[in-house]
**Student:** 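So that we are looking at the same thing, I have put the structure below in C-alpha cells.
Worth saying up front: this structure is predicted, and the values here are computed from it rather than measured.
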Amino acid sequence: MTTVNANEIALGIESFGADDAPLVLLAGGTTMLSWPDALCERLAAGGRRVVRYDLRDSGEATTTDPQAPAYTLRDLAADTAALADALGGGPAHLAGIGVGGMVAQVAVLDHPGAFSALTLVGTRAVAPGPPDDDLPDHDQATMGRLFARPMPDWTDREAVAEFAAGGAEILGDDPAAARTIAARIWDRTPGTTPPVQMANQMRMVFSRLDCQPRRRERLPEIEVPTLVVHGRRDRFFPVGNGEAIAREIPGARLLVLDEAATAIPFRTPGLRVASRPPPRSARAGRRWSSGPRHRVPA
C-alpha cells in the first residue's frame, strides 16, 4: 500500500496487476478494505490493473477532522477523477460500494471523460440522509438492534473487532470476516483517537457531508455501461434502492445476489443470482466481459 497525491489530497491506494493493463478503480465504503482481496486478485488475473483506494478521513488518506469535514461528496468525486488521471492508462472503469457508490455516481456525472464504465454495489440513488419517498429506508428493526449496542473502546483493537463482528451478524453478514477486516482497518488507521477510529470503522463522517445539489434526477445522463449489484437480503440499503438506480441509468444491468446481505459473498458455495439485462436496444455497442461471479462492463 502507498499514497498518491490527487486533487491536493493524499489518497491511500493498493494496486493489483500490471501497470499497463486497463484500469479498474475501486472506491471503498469505510476504507479500501471494503473490497475483498480475493475480488481484486481475480479481477487482476483477468488482465486488469485494479486499484482500490481510501476516501478522505479513512485508512492512509488525508485525515483532518472526521467530526467536522470541510468537504462535500462532489469533492470526493473530484478526488476520484484526479486519482484516475494520476494513475494514467486512459479512462478507468469505476466501481463504488456503499458510500463509495454514492461518490462514484457523482464522479461519473461531474467528470464523464475520466471513466469508461461504472459498477455500483450495495448503494442507493441519493446521498446520506433520508431517502426519497419512493425508496425503501433502512430496515428499522435491524437499525434499532444495530445502534442500541454500546460503542466499544475505540482504542482497544480486540473490542473494535468484536463490535464489528456483532454488527455483521445483525446485518446478516459473516461475523468472522467482519472481525478480521475490522482488525486490519484498526491496524492501518492513523492514530487511536476515538473519532478517527470510529470514522474508519463506521463511515459516520459521510453522514455529515453537504450533499447538495441532488443528483438522482441526473442519473439518466450517465452514458457509460453500468452494472448495479445488490444483495437481496441487504437490510441497510434494501434491494429496492439498487432496482431504482438500474431503472434510472439508461441500459444499466441489474444483478441481484439472492443469498447476499451487505457483503459481497464471492466465495459462497451455491450462490444464486437473479439478474435483469437491459433492453436489446440499450445493449447495442456495449461489451460485457467475465468477472468474478458476475459480469462487468469492459
Side-chain angles (χ1 to χ4, degrees), residues 1-3 9-14 26-37 52-73 75-76 79 96-103 122-123 127-129 138-140 142-211 234-237 261-264:
M1 297 184 185
T2 185
T3 59
I9 295 294
L11 298 177
I13 73 165
E14 183 174 18
L26 305 180
T30 46
T31 75
M32 69 168 70
L33 297 181
S34 298
W35 293 100
D37 297 353
R52 59 182 179 183
Y53 78 99
D54 299 311
L55 301 179
R56 300 190 197 190
D57 282 316
S58 70
E60 297 180 12
T62 295
T63 295
T64 53
D65 183 359
Q67 295 182 303
Y71 51 87
T72 69
L73 279 180
D75 292 321
L76 297 180
D79 295 347
I97 185 170
V99 174
M102 299 176 185
V103 173
T123 189
H138 311 303
D139 180 81
Q140 294 306 304
T142 300
M143 294 302 104
R145 292 178 60 202
L146 194 65
F147 292 106
R149 301 175 302 152
M151 290 293 176
D153 175 358
W154 295 104
T155 67
D156 184 335
R157 181 179 187 270
E158 296 307 314
V160 170
E162 190 59 33
F163 181 77
E169 187 169 12
I170 291 170
L171 289 168
D173 291 328
D174 181 350
R179 182 182 292 105
T180 298
I181 292 172
R184 291 178 65 190
I185 291 173
W186 196 97
D187 289 341
R188 60 190 301 270
T189 296
T192 58
T193 59
V196 174
Q197 281 289 346
M198 184 176 177
N200 275 258
Q201 296 285 345
M202 297 188 67
R203 62 191 175 213
M204 298 299 289
V205 61
F206 302 116
S207 67
R208 300 183 173 93
L209 297 187
D210 173 9
C211 302
D234 192 331
R235 302 169 192 169
F236 196 83
F237 291 137
T262 56
I264 307 175

**Student:** Could you walk me through whether D173 and R235 pass the salt bridge (charged side-chain N to carboxylate O under 4.0 Å, His left out) check?
**Tutor:** CA-CA 10 Å; D173 291 328; R235 302 169 192 169; over 6 Å; no
**Student:** Under the side-chain contact (heavy atoms from CB on, under 4.5 Å) rule, what do T155 and Q197 come out as? Steps first, then yes or no, please.
**Tutor:** CA-CA 8 Å; T155 67; Q197 281 289 346; over 6 Å; no
**Student:** Test your reading of the model: is there a side-chain donor-acceptor pair from T123 to the backbone of G98, 3.5 Å cut-off?
**Tutor:** yes
**Student:** Evaluate the side-chain proximity of L26 to M32: yes if any heavy-atom separation is below 4.5 Å, no if none is.
**Tutor:** no
**Student:** For the residue pair S34 and G29, what are the closest heavy atoms and their distance?
**Tutor:** OG-N, 3.0 Å
**Student:** Tell me which pairs pass ring pair (Phe, Tyr, Trp, His ring centres under 6.0 Å) where either residue lies in residues 152-177, with sequence neighbours left out.
**Tutor:** W154-F163
**Student:** Quick check: are there more than 12 heavy atoms from other residues, nucleotides or ligands sitting under 6.0 Å from CZ of R188?
**Tutor:** yes
**Student:** Between S58 (side chain only) and T30 (backbone N and O only), is there a donor and an acceptor less than 3.5 Å apart?
**Tutor:** yes
**Student:** Checking side-chain polar atoms at under 3.5 Å, does D79 have a donor or acceptor matched by the opposite partner on Y53?
**Tutor:** no
**Student:** Suppose the criterion is salt bridge (charged side-chain N to carboxylate O under 4.0 Å, His left out): which pairs have a residue in residues 158-167, not counting sequence neighbours?
**Tutor:** E162-R179
**Student:** What do the steps show when you test R184 against D37 for side-chain contact (heavy atoms from CB on, under 4.5 Å), and what is the final call?
**Tutor:** CA-CA 12 Å; R184 291 178 65 190; D37 297 353; 3.1 Å; yes
**Student:** Where do R56 and T64 land on the side-chain contact (heavy atoms from CB on, under 4.5 Å) test, with the steps shown first?
**Tutor:** CA-CA 8 Å; R56 300 190 197 190; T64 53; over 6 Å; no
**Student:** With side-chain contact (heavy atoms from CB on, under 4.5 Å) as the test, would you mind laying out the steps for H138 and L146 before giving the verdict?
**Tutor:** CA-CA 11 Å; H138 311 303; L146 194 65; over 6 Å; no
**Student:** Can you list the residues that meet the ring-ring contact (aromatic ring centres under 6.0 Å, His included) rule with W186, with sequence neighbours excluded?
**Tutor:** none
**Student:** Less than 4.5 Å apart, side chain to side chain, heavy atoms only: is that true for R52 and L33?
**Tutor:** yes
**Student:** Is T189 close to I185 at the side-chain level, that is, under 4.5 Å between some pair of heavy atoms?
**Tutor:** yes
**Student:** Does any non-hydrogen side-chain atom of M143 lie less than 4.5 Å from one of L171?
**Tutor:** yes
